[in-house]
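Quick caveat: nothing in here was measured; it's all calculated off a predicted structure. Proteins come first, then strands; the chains are lettered A, B, ... in the order of their sequence lines, and each starts at number 1. Every heavy atom of this structure was used, including side-chain atoms; hydrogens, water molecules and symmetry mates were not.
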Amino acid sequence: MLWSKTYIPTLRESPADAELISHKMLMRGGYIRKLQAGVYNYLPLMQRVLHKTINIVREEMDRSGAIEITMPVLHPAELWQESGRWHVMGKEQMRMKDRHNHDMVLGGTHEEVVTNVIRGELRSYRQLPLNLYQIQVKFRDEIRPRFGLMRGREFLMKDAYTFDTDLETHKVAYNKMVDAYFATFNRCGLAVRKVESDTGAMGGSMAHEFMVIVDTDSGEEVIYFCNKCDYAANVEKAESIDPKKIASETAKPLEKVPTPGAATIEQVTEFLKVPAERLVKTLLYLADGKPVAALIRGDRQINETKLRNHFGCLELVMATADVVEKVTKAPVGFAGPIGLKDIRIVADPEVMALTNFVVGANENETHYINVNLKRDFDVKEVATIRNAQVGDICSHCKEGTLSAQKGIEVGNTFNLGLKYSKALNAKFIDAEGKEQLFWMGSYGIGVTRTIQATVEKYNDEKGIIWPATMAPYQVELVPLTLQDDKLRAASFELYDQLNRAGVEVLMDDRDERAGVKFNDADLIGIPLRVNVGSKSLEKGEIELKERAKPEVGAVKQESAVETIKQTIARQIAKPQPF
RNA sequence: CGGGGUGUGGCGCAGCUUGGUAGCGCGCUUGCUUUGGGAGCAAGAUGUCGUAGGUUCAAAUCCUAUCACCCCGACCA
């Protein structure tokens, strides 16, 4: 392709609304343009990267035995009502009405539709296992779309769905997908970490996320991993070991003390000269509208996902001040479990291990000190509802400590169990002639997000450095000038030779100065650049410059095509640029 | 939705406090020179100053409303 014949609108400056380096580079390199928040045009270079990435994903899915289909983007609301997710998805689901005033959904995921595809028709266990996948645009009305393609409202995704006869065969299918994911991301030059995650609105009992670990602030999610064993989980899921009961001190008598002006943990620790881990926070929430209380140590952060799972509610929101006052009969900041009646109270195991601790007294500017469980109050529900923290002991090996890193989630896998087959009544006949529900799994790869994650990972101050497997072109051919007839002729000849040799080549045939072309070449990040300049041409040579390497090499014109092909082959074999 | 911020040629920005009819850099067009890491000179084109009201002789500038976009938070197959 000739640069002059395609459309590569590079920018010297970053648009003001781009924050992440990857977002800036994709904008500056003329890869993407925003249409509205979270919705992007994919320009010619991006389109080619997209094709490359899709091909990798497709090849690995096919290799794993998954079968490609295409399902509609437009779904009838009835299907979502049938599964019960019409209400679960809430505002995140893009919805519209047709001319008959029927509710429609722009799909953000396809569990319902894929189940509808097979139900009633896939009737025999002999047709199982089955894995159906598609690569398709998805819509999600994100609360806050951001960071370019990282969190879009419209984005490209590969979604696969497995159907199996039982849990054992489901696990086989699940692990095949896990293997396919590692293979896929490897080919993209991305080292990914598989971490445990919460199942969220997907239901089911097991889930993993595939994370690209990044040093920058671009990681949207914090993941915790053990320094001794291979345990890794995201912040929603990560668990640390529960403490043994602290060598029990003698219970001191309960005492109610005034704490004027001390409503926050910091103020109370300061005022009472008690460390935060001796305080118990009483946090009030509305679980599907009903007030509930959660007790965690003062030095800990509540994990609302864990809390929501414990209460089994759809909606969990912090109670407003007036609810707090109504329930505790005290202003915000003085809630405590003693005397708190008629609401469910859940305590973190760490709280259960405390003695002589401090709680709010449900009275303005008052706390209880020397509180002890059983004697002063009792809780019926105990569940881990705190966030893990760096330095905590790993809950798996019980030896290592947890560290944290930021990551970009590029893929995920979910065991869905029987949730959707049950809700949508999808059954097959087993070997005994009995009707059974399908065991299902769902598996996503954010294709457009993976592309941006790759840019976020592989760039320098000059621009993008693509892994050869994803690069829009394999080679960028740069004639240093077009004014010199010999040089021009040699460039076009090489361009033709490369095309005939099946090399994906972009030639910068613009009548620009060399510096402009070099800078644009570095910006768009094609892994191999070939310079045709008069100095080397006099020696019968052309120059090779790999984007990821500083040095410039020279080869004889005659062997140029061969050397270029070898270089490309080497780059593709090891796609990680550095 | 809460908090913060920004909307002025394609991109980046100034002008707004103190109203007087829009400017800079890059890019774009044409010509000449130049040509190995973002050239120089000259001549040009491109703006209903986000939108709608209002105040005023006069509004990019003041007031009101509204929309869009960005950041933090909440949320997130």
Side-chain angles (χ1 to χ4, degrees), chain A residues 9-20 23-24 27-28 30 33-39 80 83 85 88-93 107-114 138-148 150-153 155 157-161 197-204 207 209 217 220-221 234-236 302 304-305 308 314-318 320 409 411-414 416 419-420 441-446 449 462-463 478-484 487 510-523 529 531-538 542-543 545 552:
Chain A
T10 58
L11 299 170
R12 292 202 184 190
E13 287 178 279
S14 298
D17 56 9
E19 188 81 1
L20 289 191
H23 187 193
K24 288 179 183 169
M27 290 291 296
R28 286 191 54 212
R33 287 293 182 265
K34 186 173 70 182
L35 181 62
Q36 52 168 323
V39 181
W80 288 85
S83 74
R85 285 210 292 181
V88 180
M89 302 301 281
K91 287 185 181 163
E92 190 163 316
Q93 189 164 53
T109 181
H110 280 68
E111 284 78 14
E112 282 81 357
V113 176
V114 78
K138 291 280 183 283
F139 292 89
R140 279 204 237 162
D141 198 357
E142 291 285 348
I143 292 175
R144 181 145 90 89
R146 56 182 146 179
F147 301 147
M150 286 290 193
R151 180 161 299 265
R153 296 195 292 174
F155 56 98
M157 181 173 174
K158 184 285 304 171
D159 46 325
Y161 305 90
S197 63
D198 187 73
T199 51
M202 295 301 287
E209 290 175 348
D217 261 353
E220 288 227 87
E221 205 165 350
N234 71 7
V235 64
E236 290 175 345
I302 191 86
E304 293 187 359
T305 300
R308 182 180 295 110
L314 285 182
E315 191 190 57
L316 183 81
V317 289
M318 256 324 216
T320 52
E409 181 192 348
N412 53 27
T413 53
F414 290 90
L416 299 175
K419 176 173 171 168
Y420 294 91
S442 117
Y443 316 87
I445 289 179
R449 184 187 281 182
K462 302 289 267 179
V478 180
L480 296 198
T481 175
L482 293 172
Q483 307 300 325
D484 179 328
L487 196 153
R510 294 174 300 169
D511 190 11
E512 289 285 354
R513 297 166 69 86
V516 173
K517 296 187 184 186
F518 290 153
N519 280 309
D520 271 347
D522 288 343
L523 179 60
R529 192 178 82 209
N531 299 336
V532 182
S534 48
K535 284 180 197 164
S536 42
L537 205 57
E538 280 168 22
I542 55 129
E543 293 168 3
K545 163 76 171 68
V552 181

Out of [options], whichever nucleotide has its closest atom nearest the side chain of [X]:
{"X": "A:Lys535", "options": "B:C11, B:G36, B:G37", "result": "B:G36"}
{"X": "A:Ile143", "options": "B:G12, B:A74, B:U34", "result": "B:A74"}
{"X": "A:Phe147", "options": "B:G36, B:C72, B:G12", "result": "B:C72"}
{"X": "A:Ala16", "options": "B:C13, B:C76, B:G37", "result": "B:C13"}
{"X": "A:Glu304", "options": "B:C75, B:G36, B:C69", "result": "B:C75"}
{"X": "A:Lys462", "options": "B:C71, B:C69, B:G37", "result": "B:G37"}

Pick base, sugar-phosphate or nothing for [X], based on heavy-atom distances below 4.0 Å to the nucleic acid.
{"X": "A:Glu543", "result": "base"}
{"X": "A:Asp159", "result": "nothing"}
{"X": "A:Lys545", "result": "nothing"}
{"X": "A:Ser14", "result": "sugar-phosphate"}
{"X": "A:Lys34", "result": "sugar-phosphate"}
{"X": "A:Asn519", "result": "base"}
{"X": "A:Arg529", "result": "base"}
{"X": "A:Asn412", "result": "base"}
{"X": "A:Glu92", "result": "sugar-phosphate"}
{"X": "A:Phe155", "result": "base"}

[X] [atom1] to [N] [atom2]: how many Å, rounded?
{"X": "A:Asp198", "N": "B:C76", "atom1": "CG", "atom2": "C1'", "value": "11 Å"}
{"X": "A:Leu523", "N": "B:G38", "atom1": "CG", "atom2": "C1'", "value": "11 Å"}
{"X": "A:Asp511", "N": "B:A39", "atom1": "CG", "atom2": "C1'", "value": "13 Å"}
{"X": "A:Leu480", "N": "B:A39", "atom1": "CG", "atom2": "C1'", "value": "16 Å"}
{"X": "A:Leu537", "N": "B:U35", "atom1": "CG", "atom2": "C1'", "value": "16 Å"}
{"X": "A:Glu19", "N": "B:G73", "atom1": "CD", "atom2": "P", "value": "11 Å"}
{"X": "A:Asp17", "N": "B:C13", "atom1": "CG", "atom2": "P", "value": "10 Å"}
{"X": "A:Asn234", "N": "B:C75", "atom1": "CG", "atom2": "P", "value": "13 Å"}

For A:Ser14 and A:Arg28 the tightest heavy-atom approach is OG-CD, 3.3 Å

Here the pair of heavy atoms bringing A:Val532 nearest to A:Ile542 is CG2-CG2, 4.1 Å

Check: Going by an N to O cut-off under 4.0 Å, is there a salt bridge joining A:Arg140 and A:Glu92?
Finding: yes

Ion pair A:Arg85/A:Glu111, N-O distance below 4.0 Å:
yes

Sorted by position of nearest nucleotide on RNA chain B, 5' first, the leading residue of A:Asn531 and A:Glu512 is A:Glu512

Of A:Lys158 and A:Thr10, the one whose nearest nucleotide on RNA chain B sits closer to the 5' end is A:Thr10

Can you tell me if [X] touches the phosphate of [N], counting only side-chain N or O atoms and a distance under 4.0 Å to OP1 or OP2?
{"X": "A:Arg140", "N": "B:C75", "result": "no"}
{"X": "A:Arg12", "N": "B:G12", "result": "no"}
{"X": "A:Arg144", "N": "B:C72", "result": "yes"}
{"X": "A:Arg28", "N": "B:C26", "result": "no"}

Margin query: I'd like to know if the side chain of A:Asn412 and the backbone of A:Gly444 have a donor-acceptor N/O pair within less than 3.5 Å.
Written below: yes

Take A:Asp198 and A:Thr305 through the test side-chain hydrogen bond (donor to acceptor under 3.5 Å, both in side chains) and record every step on the way to the result.
CA-CA 8 Å; A:Asp198 187 73; A:Thr305 300; 5.3 Å; no

Pair partner, [N] [Watson-Crick or wobble, under 3.5 Å]:
{"N": "B:G38", "answer": "none"}
{"N": "B:A68", "answer": "B:U6"}
{"N": "B:A45", "answer": "none"}
{"N": "B:G19", "answer": "none"}
{"N": "B:C62", "answer": "B:G54"}
{"N": "B:G25", "answer": "B:C11"}
{"N": "B:C75", "answer": "none"}

Whole-Å [atom1] distance, [N] and [M]:
{"N": "B:G15", "M": "B:U6", "atom1": "P", "value": "12 Å"}
{"N": "B:A14", "M": "B:A52", "atom1": "P", "value": "24 Å"}
{"N": "B:G38", "M": "B:A65", "atom1": "C1'", "value": "45 Å"}
{"N": "B:G50", "M": "B:G3", "atom1": "P", "value": "24 Å"}
{"N": "B:G40", "M": "B:C26", "atom1": "P", "value": "8 Å"}
{"N": "B:G44", "M": "B:G4", "atom1": "C1'", "value": "43 Å"}
{"N": "B:C32", "M": "B:C70", "atom1": "C1'", "value": "44 Å"}
{"N": "B:A59", "M": "B:A22", "atom1": "C1'", "value": "13 Å"}

Here the gap from A:Lys462 atom NZ to A:Asp522 atom CG, rounded to the nearest 0.5 Å, amounts to 5.5 Å

Value for CE (A:Met27) from CD (A:Glu13), rounded to nearest 0.5 Å, stands at 13.0 Å

### Query
For the base of B:G38, is there a side-chain donor-acceptor partner from A:Glu13 under 3.5 Å away?
no

So, A:Ser534 and A:Asp484: side-chain donor and acceptor under 3.5 Å apart, yes or no?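 No, no side-chain donor-acceptor contact under 3.5 Å.
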
